[in-house]
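Structure first, commentary second.
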Amino acid sequence: MKIINSPDEMREFVRTTKACGKSIALVPTMGALHEGHLSLVDAARKCADVVVVSVFVNPTQFGPNEDFEKYPRQFDEDAAKCEARGADVVFAPAAADIYSKDFSTYVNEEQISGYLCGRTRPKHFRGVTTVVTILFNIVKPDIAVFGEKDAQQVSVIERMVRDLFMDVKIVRAPIVRDENGLALSSRNRYLDKLERIGAARVHNALEAGKKLAESGCDNIDRIKALVINTVANAKTRVIYAEVVDAETSLPVQSYERGKCRISIAVWYGQTRLIDNIRI
Ligand code: PAF
C-alpha cells in the first residue's frame, strides 16, 4: 500500500492509474478509523480496481468552538488498518497543501445544508462540500463511498454531485453499530465507559420511533415525541429529532412507509452524537 502526502504526487498516481484503464474508488475520512470506516473500504473494494482512502482532518468544517484541535489523530494506526483491509493508497495531505494562505473559493449547497446539523453548525456543510470537491478534483474517483451514519452529509454531497454535474458515483454504505447499538463514530472515544453504554439509548429511541411508525402511526409529531422521550435522561440534551426524507434529508410533512428517516443529534454529556434510522 502506498502512502501519498503530496497532492501533486496523488494526481500523478491517478494519471498513471487511469492510463492503465483502472477505475478508482475514494473513501474520504478524517482518520481515527474504526470498523465503520473499514466497512466503507470493503464496499469500495467491490466497486473499483483501486481503492484510495483519504485521511484529512478538514479545518473548514469545524466551527470556532468545536473539537478541531482535540479531534483524534492516529495516522500510523489508520494506515495499518487501511493496509490490512486491502486499500491501495492512503492519501494524507497537510492542511497547508490543501488550503493555500489566500484560499478563497468555497462550494456551498444551499438547501439541505440549512436543516438538521446545519442549524447549529452553520458553516459545517460548506466545509464538507468544499473539501470533498477538492478531493474529487485531486483523486478523480469513479466512485466515492460515504457512510449513512452521516446521512445528511451524503444527501448534501449527492445534491452537489447532481447540481454540478460531477462525474462520480456516490455509494452509500450502511451504519455499523457496536454490540449495544451505538453507531460507530470517531467521537465515541470522547465517551467514558459508562457513557458508552448509556449512549446506546440514542439508538433505542430511534428503534422506538421506527416501531411506532411501523405500527401504523403516521403522525410525525407523535413519532418525534416518542423518540425525544425515550432518549431523555440526565446526560442527554436533544439538539434535534426530525422525520426527514430518506434520500434528501429534507423535512417531510407526512410519513410514507420506507421512504423516511428519523434523524437525531444529541449532546451526551460533553459529546455530540448523531444517528438515524430508516422508517
Ligand atoms: O465524514 C467525514 O469524515 C468528513 O466529513 C469527510 C467526508 C471526510 C470530509 O471531511
Gap separating the [atom1] atom of [X] from the [atom2] atom of [Y], nearest 0.5 angstrom:
| X | Y | atom1 | atom2 | answer |
| --- | --- | --- | --- | --- |
| Phe62 | Lys70 | CZ | NZ | 11.0 Å |
| Ile157 | Gln153 | CD1 | CD | 4.5 Å |
| Asp67 | Glu69 | CG | CD | 10.0 Å |
| Cys117 | Ile112 | SG | CD1 | 13.0 Å |
| Tyr255 | Asn219 | OH | CG | 13.0 Å |
| Ile170 | Glu158 | CD1 | CD | 7.0 Å |

Just so I know, are the side chains of [X] and [Y] near enough to count as touching, which here means a heavy-atom distance under 4.5 Å?
| X | Y | answer |
| --- | --- | --- |
| Asn276 | Ile175 | yes |
| Tyr190 | Leu273 | no |
| Arg189 | Gln74 | yes |
| Lys235 | Arg201 | no |
| Lys149 | Ser185 | yes |
| Met166 | Val132 | no |

For Val176, the hydrophobic cluster (side chain heavy atoms closer than 4.5 Å, chained through members) also holds Leu184
Thinking salt bridges, do Asp88 and Arg45 make one under a 4.0 Å N-O criterion?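 Result for this pair is yes, salt bridge flagged.
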Check Glu66 with Arg272, please: is the shortest side-chain N to carboxylate O separation under 4.0 Å?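 Salt bridge flag = no for Glu66 with Arg272.
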Under 4.5 Å between side-chain heavy atoms, counting indirect links through other Ile/Leu/Val/Met/Phe/Trp/Tyr residues: same cluster for [X] and [Y] or not?
| X | Y | value |
| --- | --- | --- |
| Val231 | Leu116 | no |
| Ile228 | Val266 | yes |
| Leu191 | Val202 | yes |
| Ile274 | Tyr115 | yes |
| Met1 | Leu40 | yes |

Within 6.0 angstrom of [X] [atom1], more than 12 heavy atoms from elsewhere:
| X | atom1 | answer |
| --- | --- | --- |
| Asp167 | CG | no |
| Arg73 | CZ | yes |
| Glu12 | CD | yes |
| Lys18 | NZ | yes |

Nearest non-hydrogen partners of [X] and [Y], listed with the distance:
| X | Y | value |
| --- | --- | --- |
| Ser39 | Gly36 | OG-O, 2.6 Å |
| Gly127 | Tyr99 | O-OH, 4.4 Å |
| Gly21 | Asp49 | O-OD2, 4.2 Å |
| Val252 | Asp245 | CG1-N, 3.5 Å |
| Tyr71 | Ser186 | OH-CB, 3.3 Å |
| Val90 | Ala79 | CG2-CA, 4.5 Å |

[X] side chain to [Y] main-chain N or O, any donor-acceptor pair under 3.5 Å?
| X | Y | result |
| --- | --- | --- |
| Asp97 | Ser6 | no |
| Arg172 | Glu247 | yes |
| Ser113 | Glu110 | no |
| Asp42 | Arg85 | no |
| Thr130 | Arg126 | yes |

Set of ring-ring contact (aromatic ring centres under 6.0 Å, His included) partners for Phe75, sequence neighbours left out: none
Using a 6.0 Å distance limit plus a 45 degree cone around the ring axis, check whether Arg119 lies over the aromatic ring of Phe125.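 Ring-cation test returns no.
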Quiz item: cation-pi between Lys123 and Tyr106, 6.0 Å / 45°: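 Because its charged atom misses either the 6.0 Å distance or the 45° angle limit, Lys123 does not stack over Tyr106.
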Side-chain polar contacts of residues 134-147 - donor-acceptor pairs under 3.5 angstrom, sequence neighbours left out - could you list them?
unit_1	atom_1	unit_2	atom_2	d
Asn137	ND2	Thr133	O	3.4
Lys140	NZ	Asn137	O	3.1
Asp142	OD2	Ile24	N	2.7

Side-chain donor-acceptor contacts of residues 205-213 below 3.5 Å, not counting sequence neighbours, with atom names and distances?
unit_1	atom_1	unit_2	atom_2	d
Glu207	OE2	His203	NE2	3.2
Lys210	NZ	Glu214	OE2	3.3
Lys210	NZ	Arg278	O	3.2

Stepwise side-chain contact (heavy atoms from CB on, under 4.5 Å) check, His37 with Val27: CA-CA 8 Å; His37 296 111; Val27 179; 5.7 Å; no
Quick one: salt bridge (Lys or Arg N to Asp or Glu O under 4.0 Å) partners of Lys259, sequence neighbours excluded?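 Expected list: Glu256.
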Assess the residue pair Asp163 and Gln111 against the criterion (side-chain contact (heavy atoms from CB on, under 4.5 Å)); give the C-alpha distance rounded to whole Å, side-chain angles, the decisive distance to 0.1 Å, and a yes or no. CA-CA 12 Å; Asp163 286 353; Gln111 186 188 23; over 6 Å; no
Does a donor on one side chain and an acceptor on the other come within less than 3.5 Å for Asn188 and Tyr268?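 Result is no, nothing qualifies.
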With sequence neighbours excluded, tell me which residues meet side chain to side chain donor-acceptor pair (under 3.5 Å) with Asp192.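 Partners of Asp192 under the side chain to side chain donor-acceptor pair (under 3.5 Å) test: none.
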Can you check side-chain contact (heavy atoms from CB on, under 4.5 Å) on Val128 and Asp150, steps first, answer last? CA-CA 12 Å; Val128 171; Asp150 300 305; over 6 Å; no
Hey, do the aromatic rings of Phe13 and Phe91 have their centres closer than 6.0 Å?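 No, the ring centres sit 6.0 Å or more apart.
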Are Asn180 and Arg196 close enough, and set up right, to give a side-chain contact (heavy atoms from CB on, under 4.5 Å), and what steps lead you there? CA-CA 9 Å; Asn180 298 316; Arg196 233 185 143 100; over 6 Å; no
